[in-house]
Amino acid sequence: MPQLPAPAYPADVRARLDADAKEVIARYPGSRSALLPLLHLVQSEEGYVSRTGMAFCAETLGLTTAEVTAVATFYSMYRRRPSGDYQVGVCTNTLCAVMGGDAIFDTLKEHLGVGNNETTEDGKVTLEHIECNAACDFAPVVMVNWEFFDNQTPESATQLVDDLIAGRTVEPTRGAPLCSYKETARILAGFPDERPGAVEATGGAGPASLVGLKLAKGEALPKARVVAPRDGQPGGGQREDAPSHDTQPHDAQVHDPSPAERLSSHDAPQQTSASDPEHPAGPTAEEGE
């Protein structure tokens, strides 16, 4: 059924948002480019992007509500219904999942009594699964209001949400101190984080993220290891057509890798479609079958 027009903001709220929106729009050569930060701005007011918030953005930027809705429903950072003070996101993408992310998510659902994208009765915590937190080297990762909590376990994640609900101070593994979801939304809208020491504490990548950079700079050299091919020959045995160990750097250490050291079979020498005419690449059936 058609919905009634969205209710207007109270006069004092509208005046404050108008002033903030004017400051945001002034940063851009075209006003419609300010839509993303304005959606964060209205989210900082109500904790989610309401119909009232979308109507405000449309009117302020000279857009239709359909154009604003299309953007607000595309990005997962914009909530479409009231959320908790703390948005707890558990990464359940492949690496975090196999490292324990699925177990963490299932544990928190049972512990909090909520499902995905649901909020606890006290309005403190909203739980969601996230496809990727872009922190695979610290898997499994939980984020609270977009701050990192690395190398989590079901037990540590349970303690984390209990502390949030109890109002106890929790410290992210790295990054700025934790603040409420509304405060986070205002910062994402482009307004300064005025909490003492918050900007200085933001920090950067952790040690695990910087290993590749150190290698590129020659600051550390890995110990070479040979992976056994699919035929399972011990000692990294090679096929007749495989390159000799003599092609390895003189300082390489060749040894029979233990099961813990052994990489995936995809890392071992194998035939490809270009070199194996009996197994060419390509579809195995006609389209539509």
Side-chain angles (χ1 to χ4, degrees), residues 36 40 74-79 83-84 86-112 114-118 125-161 163-164 170-179 181 184-185 187-188 198-199 201-228 230 257-268 270:
L36 295 180
H40 283 299
F74 181 83
Y75 294 103
S76 61
M77 290 181 72
Y78 300 122
R79 310 301 176 196
S83 295
Y86 299 101
Q87 199 82 26
V88 176
V90 182
C91 183
T92 55
N93 212 337
T94 305
L95 183 57
C96 276
V98 300
M99 295 292 286
D102 282 346
I104 290 173
F105 188 59
D106 290 341
T107 297
L108 291 184
K109 284 193 297 183
E110 181 178 357
H111 182 70
L112 295 172
V114 299
N116 184 45
N117 277 326
E118 292 182 354
V125 170
T126 296
L127 179 66
E128 67 170 343
H129 77 80
I130 296 177
E131 288 303 321
C132 185
N133 280 326
C136 303
D137 41 2
F138 297 101
V141 177
V142 174
M143 295 193 86
V144 180
N145 295 349
W146 310 117
E147 300 296 347
F148 288 104
F149 290 81
D150 302 320
N151 301 312
Q152 293 294 296
T153 64
E155 294 74 23
S156 66
T158 299
Q159 184 63 54
L160 171 61
V161 296
D163 289 341
L164 293 173
V170 297
E171 296 291 341
T173 308
R174 50 200 165 97
L178 201 61
C179 59
Y181 187 63
T184 301
I187 294 170
L188 291 174
V199 175
T202 298
S209 303
L210 299 176
V211 172
L213 179 60
K214 291 180 178 179
L215 294 176
K217 292 181 177 180
E219 297 178 9
L221 292 176
K223 292 183 178 179
R225 59 184 180 179
V226 176
V227 182
R230 286 183 172 180
S258 68
E261 294 176 300
R262 193 157 299 177
L263 304 181
S264 163
S265 61
H266 293 291
D267 297 292
Q270 55 189 290

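The figures here come from the full heavy-atom set of this structure, side chains too, leaving out hydrogens, waters and symmetry mates.
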With rounding to the nearest 0.5 Å, note down the distance linking OG1 in Thr158 to CD1 in Ile104.
8.5 Å
Can you see which heavy atom on Arg174 is nearest to which on Glu147, and at what distance?
O-OE1, 4.2 Å
Check: Gln87 main-chain N/O paired with Asn145 side-chain donor or acceptor under 3.5 Å:
yes
Starting at CD1 of Ile187, measure out to NE2 of His40 and round the result to the nearest 0.5 Å.
11.5 Å
Does a sphere of radius 6.0 Å around CE in Met77 hold more than 12 heavy atoms from other residues, nucleotides or ligands, not counting ones at 6.0 Å or beyond?
yes
Give me the atom names and distance for the closest heavy-atom approach of Asn133 to Gly89.
ND2-O, 4.1 Å
Which heavy atom of Gly101 sits nearest a heavy atom of Val90, and at what distance?
O-CG1, 3.6 Å
Could you check Met143 against Phe149 for side-chain contact (heavy atoms from CB on, under 4.5 Å), going step by step and ending with a plain yes or no?
CA-CA 6 Å; Met143 295 193 86; Phe149 290 81; over 6 Å; no
Leu160 side, atom CG; Tyr86 side, atom OH - distance, nearest 0.5 Å:
10.5 Å
Shortest non-hydrogen separation from Cys96 to Ala139 and the atoms involved
SG-CB, 3.6 Å
For the atom pair CG (Leu95) and CG (Asp137), what is the distance rounded to the nearest 0.5 Å?
9.0 Å
Has the side chain of Gln152 got a donor or acceptor atom that lies under 3.5 Å from a matching backbone atom of Asp150?
yes
Point-to-point distance, once rounded to the nearest 0.5 Å, from CG of Asp102 to NE2 of His129
10.0 Å
By the definition side-chain contact (heavy atoms from CB on, under 4.5 Å), identify the one residue from Ile130, Leu112, Thr126, Leu127 that meets it with Val88.
Leu127
Does the side chain of Val144 reach to within under 4.5 Å of the side chain of Leu164, using non-hydrogen atoms?
yes
Step-by-step side-chain contact (heavy atoms from CB on, under 4.5 Å) determination, Trp146 to Tyr181
CA-CA 9 Å; Trp146 310 117; Tyr181 187 63; 4.0 Å; yes
Distance-minimising heavy-atom pair for Cys132 and Asn93:
CB-ND2, 3.6 Å
Separation between CZ (Phe105) and CD (Glu110), nearest 0.5 Å, reads 13.0 Å
